Undergrad: 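Got a structure here, written out as structure tokens. Questions coming.
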Amino acid sequence: MVTTGIKESRPKSGQAVNKVARSFQLDHVRNIGIIAHIDAGKTTTTERILFYTGRTYKVGEVHDGTTVMDWMVQERERGITITSAATTCHWNERRINIIDTPGHVDFTAEVERSLRVLDGGVVVLDAVAGVEAQSETVWRQADKYGVPRICFINKMDRVGADYERTIGMIEERLKAKTVMIQLPIGKESLFSGVVDLVRKKAWSFPDEVTEDPAEIEIPLDLREMVEQARHDMIERLGEQDDQLMLKYVDNSEISEEDIKAALRRLTIANRIVPIVCGSALRNKGIQLVLDAVVDYLPSPLDKPPLKVMNTETGEEVTRPASDDAPFTALAFKVVSDPFVGRLVYFRVYSGSIKVGAQIYNASRQNRERLGRLLLMHANKREEIDEVDTGCIAATLGLKNTFTGDTLCGAGQSVLLEDIKFPEPVISMAVEPKSKADQDKLGDAMGKLAEEDPTFKIRTNEETGQTIISGMGELHLEVLIDRMMREFGVQVSVGNPQVAYKETITIPVEAEGRFIRQTGGHGQYGHCWLKLEPGERNSGFIFVNAVRGGDISRQYIPAIEAGVREALDTGGVSGYPLVDIKVSVFDGSEHDVDSSEMAFKMAGSIALKEGVAKAKPVILEPIMRLECVTPSSFMGEVIGDLNSRRGQIQGIETHGETCVIHCFIPLAESFGYATTLRSLTQGRATSSMDFQQYSEVPANIREEMLAKSKGR
């Protein structure tokens with residue numbers, strides 16, 4: 001079915017739209033995410049979508065704290081999205097499952113796991129700021145999972161909004177092939193509507209949310225530009241699509257249906273990105289965004305058959321998107337709901353399943369029974385009896401299922417690709433304020449760690465302190481706030497600390513001996529390890545290179561366990577060791593005294609001995625900083641960045657404003673936002689996201705080692 005117009009698509013205000021999952025054909029389902037940089041307008045856009053599709057009957061506003069999707073207390077207080085929220089709505093006889101994701105870098109894990117289970121995405125960009133730092137991060141995440149996208153250039157009514165410049169930034173910074181399918185009518189405060197280049201129609205959007213858009217004549221001063229833009233659009237599509245190119249070369253008439261079909265083919269193939277525009281806050285253009293979602297983003301049937309690994313045979317098999325195929329789903333989120341308990345969100349890739357059915361968790365190799373099945377609308381729940389292919393739902397009753405686990409029907413055992421999350425970059429110590437809080441703290445942290453894979457907990461053996469780690473100051477601040485409010489735990493917190501790591505720079509060989517003689521059986525473990533530096537971000541690799549049976553096969557896992565244990569504190573400076581390849585190649589054992597414990601200790605000793613000889617270096621997290629400042633303050637801002645060991649990567653000038661791109665160590669970034677405000681009279685803004693781990697300069701390393709010895 002082809003969308004024919006806004007008025008035909010839009011449900012009347014107050015008209016209920018309540019369809020059950022099974023009533024929709026699979027090609028009428030869209031699973032999409034709303035993704036963007038912080039403050040680009042994702043949640044405002046989503047709130048308008050919910051209103052125009054009839055899902056809600058009052059528009060929620062971020063600035064009033066009345067949004068449906070930002071339902072957490074912390075989200076409404078701060079005016080930002082912290083956790084991804086799922087909902088379902090309907091437009092033009094299509095079921096659209098939407099996940100509204102955070103834009104702040106500290107909550108990047110929410111974007112990662114959402115994109116893993118989505119078929120398409122709407123990237124929201126600020127027409128004034130253009131492509132910002134976190135826009136690039138979410139774009140790379142979408143590239144990683146091959147998610148087709150459309151771009152909605154928002155805030156076209158703001159002073160400084162520049163449609164063409166933003167499109168140019170998409171092509172230059174995101175390396176995307178864009179196809180402009182709309183032209184704005186008016187500029188900045190005079191922005192009133194858009195021209196749809198595909199339909200060759202113009203629409204005017206009133207400010208009042210309850211009023212319908214009006215089809216108008218294309219303004220006289222835009223007609224020539226519209227003709228040229230439509231010609232350029234068809235030419236761009238023809239360059240990528242053979243079917244359209246044949247018609248173009250033959251001078252055949254190219255219809256609206258031909259253009260839509262080509263746009264859909266190329267968008268789903270990730271070869272182009274359609275561009276639409278509007279102003280979500282002023283209720284302009286949202287209906288056309290919905291039309292674009294329906295017309296150009298894929299249904300589950302448009303995606304290639306899912307590739308999974310049969311755990312019994314080790315072979316790769318496929319699962320077609322069909323209700324008749326075996327049930328296969330991916331758990332992508334766990335939430336501790338204070339009212340109903342532990343909720344597991346999952347995406348069904350194939351098959352269907354009913355309430356109470358037994359399922360098999362192939363990742364954990366255990367069987368569980370599905371409790372209640374729920375369609376989520378942010379933090380509200382609608383009970384359903386069955387989920388089918390393409391559905392995003394939640395369930396109760398899965399006690400041993402975690403983020404990234406594969407769920408199969410009974411008698412099936414296949415594995416989907418797991419979800420990879422970034423490592424934490426910042427840590428702080430937490431202590432309970434009372435004995436009663438001590439008992440509750442472990443439970444609270446355990447539940448939060450289940451929800452958030454980037455939240456890590458460990459105990460410092462030297463001090464006995466509990467150390468929590470996360471993706472940034474705001475991330476940990478929100479988690480501590482949740483501990484206090486949701487779990488009633490009162491804690492004292494230390495200052496944020498950078499999560500440094502260590503690695504080695506040269507290959508070495510090291511011997512580990514653990515020999516103890518006591519009455520009766522003694523302990524004997526002896527091994528030789530070869531330590532080699534790995535590629536950056538390669539993690540830990542363990543290789544069994546023993547030949548000739550000098551060490552029995554049964555002791556090799558014990559050596560690996562000892563090495564892994566030593567990695568956490570095995571560095572010269574006491575930081576965790578990363579990016580290292582360890583091979584056990586020789587050793588000896590005793591017929592009576594050898595044990596797994598002895599070889600575990602030998603592996604740990606060998607690693608520590610080897611690291612000390614392998615010229616270890618300290619690694620620190622480097623952040624990519626983007627600072628937007630009036631040109632008159634550029635000198636002061638650059639001077640401050642240089643004093644923080646910043647490396648300027650480039651400067652862009654846009655009128656009276658300049659954008660500074662810089663790499664800065666996380667350790668030097670604490671308090672930067674406050675300093676930047678004072679330097680620029682509050683007129684500059686900045687955003688950061690994690691870039692990579694890099695070696696700490698020698699002079700800084702010496703200072704760190706001296707402080708460590710002083711303690």
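Small disclaimer: the values here were computed from a predicted structure and weren't measured. Side chains are part of it too, since the values below use all heavy atoms of this structure and drop only hydrogens, waters and symmetry mates.
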Undergrad: What's the separation between atom CE in Met169 and atom OG1 in Thr178, rounded to the nearest 0.5 Å?
TA: 13.5 Å
Undergrad: Give a yes or no on whether a salt bridge exists between Lys420 and Glu112, defined as a side-chain N under 4.0 angstrom from a carboxylate O.
TA: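 Salt bridge between Lys420 and Glu112, a charged N being under 4.0 Å from a carboxylate O: no.
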Undergrad: Return yes when atom CG of Asp443 has more than 12 non-hydrogen atoms of other residues, nucleotides or ligands closer than 6.0 Å, and no otherwise.
TA: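 Yes - once you tally the heavy atoms of other residues, nucleotides and ligands closer than 6.0 Å, there are more than 12.
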Undergrad: Check step by step if side-chain contact (heavy atoms from CB on, under 4.5 Å) holds for Ile96 and Val293.
TA: CA-CA 9 Å; Ile96 305 176; Val293 166; 4.2 Å; yes
Undergrad: Contact between Glu136 and Val131 at the side-chain level, heavy atoms closer than 4.5 Å - yes or no?
TA: yes
Undergrad: If you draw a 6.0 Å radius around NZ in Lys399, do more than 12 non-hydrogen atoms from other residues or ligands fall strictly inside?
TA: no
Undergrad: Any side-chain heavy-atom pair from Val414 and Met309 closer than 4.5 angstrom?
TA: no
Undergrad: For the residue pair Glu368 and Thr401, confirm or rule out a side-chain donor-acceptor distance under 3.5 Å.
TA: yes
Undergrad: Ignoring hydrogens and angles, tell me if any N or O in the side chain of Arg149 forms a donor-acceptor pair with the backbone of Val147 under 3.5 Å.
TA: yes
Undergrad: May I ask you to check whether Phe346 and Tyr349 place their ring centers less than 6.0 Å from one another?
TA: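 No; Tyr349 has its ring centre 6.0 Å or more from that of Phe346.
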Undergrad: Evaluate the side chain to side chain donor-acceptor pair (under 3.5 Å) criterion for residues Thr53 and His90: first the C-alpha distance (whole Å), next the side-chain angles of each, then the deciding distance (0.1 Å), finally the verdict.
TA: CA-CA 6 Å; Thr53 57; His90 305 90; over 6 Å; no
Undergrad: I need the single residue from Glu386, Glu383, Glu382 that forms a salt bridge (Lys or Arg N to Asp or Glu O under 4.0 Å) with Arg372. Which is it?
TA: Glu383
Undergrad: Check step by step if side chain to side chain donor-acceptor pair (under 3.5 Å) holds for Arg319 and Gln412.
TA: CA-CA 12 Å; Arg319 287 283 185 268; Gln412 300 286 327; 3.1 Å; yes
Undergrad: Heavy atoms, side chains only, cut-off 4.5 Å: are Leu115 and Thr101 in contact?
TA: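 No, every pair of side-chain atoms sits at 4.5 Å or beyond.
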Undergrad: Measure from NZ or CZ of Arg482 to the centre of the six-membered ring of Phe455, then state whether that distance is under 6.0 Å and the direction lies within 45° of the axis.
TA: no
Undergrad: Would you tell me whether Ser469 and Arg458 have side-chain atoms, one donor and one acceptor, within less than 3.5 Å of each other?
TA: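 There is no such pair (donor and acceptor under 3.5 Å, judged by atom type) between the side chains of Ser469 and Arg458.
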Undergrad: Under 4.5 Å between any side-chain heavy atoms of Asn283 and Tyr52, yes or no?
TA: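 Answer yes - side chains close enough.
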Undergrad: Any chance you could measure Met180, atom CE, to Ile153, atom CD1, to the nearest 0.5 Å?
TA: 9.0 Å
Undergrad: Could you tell me whether a side-chain N or O of Asp302 sits under 3.5 Å from a main-chain N or O of Ser299, the two making a donor and an acceptor?
TA: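 Confirmed, Asp302 side chain pairs with Ser299 backbone.
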Undergrad: Could you check Val198, Ile268, Asp295 and say which one makes a side chain to side chain contact (heavy atoms under 4.5 Å, CB included) with Leu263?
TA: Val198
Undergrad: Under a 4.0 Å N-O cut-off, is there an ion pair linking Arg173 with Glu626?
TA: yes
Undergrad: Are any side-chain N or O atoms of Arg347 and backbone N or O atoms of Val117, one a donor and one an acceptor, separated by less than 3.5 Å?
TA: yes
Undergrad: Please answer whether the main-chain N or O of Ser322 pairs with a side-chain N or O of Thr389 as donor and acceptor at a distance below 3.5 Å.
TA: yes
Undergrad: Should we say atom NZ of Lys307 is surrounded by more than 12 heavy atoms from elsewhere, each under 6.0 Å from it?
TA: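 Open: at most 12 neighbouring heavy atoms sit under 6.0 Å from NZ of Lys307.
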Undergrad: Does Gln691 reach the side chain of Pro621, with side-chain heavy atoms less than 4.5 Å apart?
TA: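 They are not in contact (no side-chain heavy atoms under 4.5 Å apart), so the answer is no.
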Undergrad: If only atom types and distance count, is the side chain of Asp126 paired as donor or acceptor with the main-chain N or O of Ala40 below 3.5 Å?
TA: no
Undergrad: Within the 3.5 Å criterion, strictly below it, is a donor on Glu312 or Ser413 matched to an acceptor on the partner's side chain?
TA: no
Undergrad: Working to the nearest 0.5 angstrom, can you tell me the gap between Cys277 SG and Ile167 CD1?
TA: 8.0 Å
Undergrad: Contact between Ile181 and Tyr296 at the side-chain level, heavy atoms closer than 4.5 Å - yes or no?
TA: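 Contact flag for Ile181/Tyr296 side chains = yes.
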Undergrad: Please determine whether side-chain contact (heavy atoms from CB on, under 4.5 Å) holds for the pair Asp119 and Ile32, giving the CA-CA distance in whole Å, both sets of side-chain angles, and the decisive distance to 0.1 Å.
TA: CA-CA 6 Å; Asp119 298 326; Ile32 67 163; over 6 Å; no
Undergrad: Within the distance-only criterion (no hydrogens, no angle test), does the side chain of Thr328 pair as donor or acceptor with the backbone N or O of Ser350 below 3.5 angstrom?
TA: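 It does not hold such a pair.
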Undergrad: Hey, are the side chains of Ser427 and Ile468 touching, using non-hydrogen atoms and a 4.5 Å cut-off?
TA: no
Undergrad: Walk me through it: do Asp405 and Arg364 pass the test salt bridge (charged side-chain N to carboxylate O under 4.0 Å, His left out)?
TA: CA-CA 7 Å; Asp405 286 359; Arg364 310 277 166 181; 3.0 Å; yes
Undergrad: Looking only at atom types and distance, does a side-chain atom of Thr454 sit under 3.5 Å from a main-chain N or O of Met471, one as donor and one as acceptor?
TA: no
Undergrad: Answer yes or no: is there a side-chain heavy-atom contact under 4.5 Å between Leu343 and Val334?
TA: no
Undergrad: With no hydrogens and no angle check, do the side chains of Asn400 and Asn366 hold a donor and an acceptor under 3.5 Å apart?
TA: no
Undergrad: Out of curiosity, Thr403 OG1 to Lys333 NZ, how far, rounded to the nearest 0.5 Å?
TA: 9.0 Å
Undergrad: Would you find a donor on one side and an acceptor on the other, under 3.5 Å apart, between the side chain of Asp100 and the backbone of Ala85?
TA: no
Undergrad: Looking at OG1 of Thr406 and CG of Leu415, how far apart are the two atoms once the value is rounded to the nearest 0.5 Å?
TA: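 Thr406 atom OG1 to Leu415 atom CG measures 5.0 Å (nearest 0.5 Å).
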Undergrad: Are the side chain of Asp452 and the backbone of Ala449 linked by a donor-acceptor contact shorter than 3.5 Å?
TA: no
Undergrad: Checking salt bridge (charged side-chain N to carboxylate O under 4.0 Å, His left out) for the pair Glu110/Lys42: CA distance, chi angles, key distance, verdict?
TA: CA-CA 14 Å; Glu110 293 289 329; Lys42 295 178 306 304; over 6 Å; no
Undergrad: Nearest 0.5 Å, what's the CG-CD distance between Leu306 and Glu417?
TA: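 Between atom CG of Leu306 and atom CD of Glu417 there are 10.0 Å.
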Undergrad: Taking Arg367 for its side chain and Ile359 for its backbone only, find out whether a donor-acceptor pair lies under 3.5 Å.
TA: no
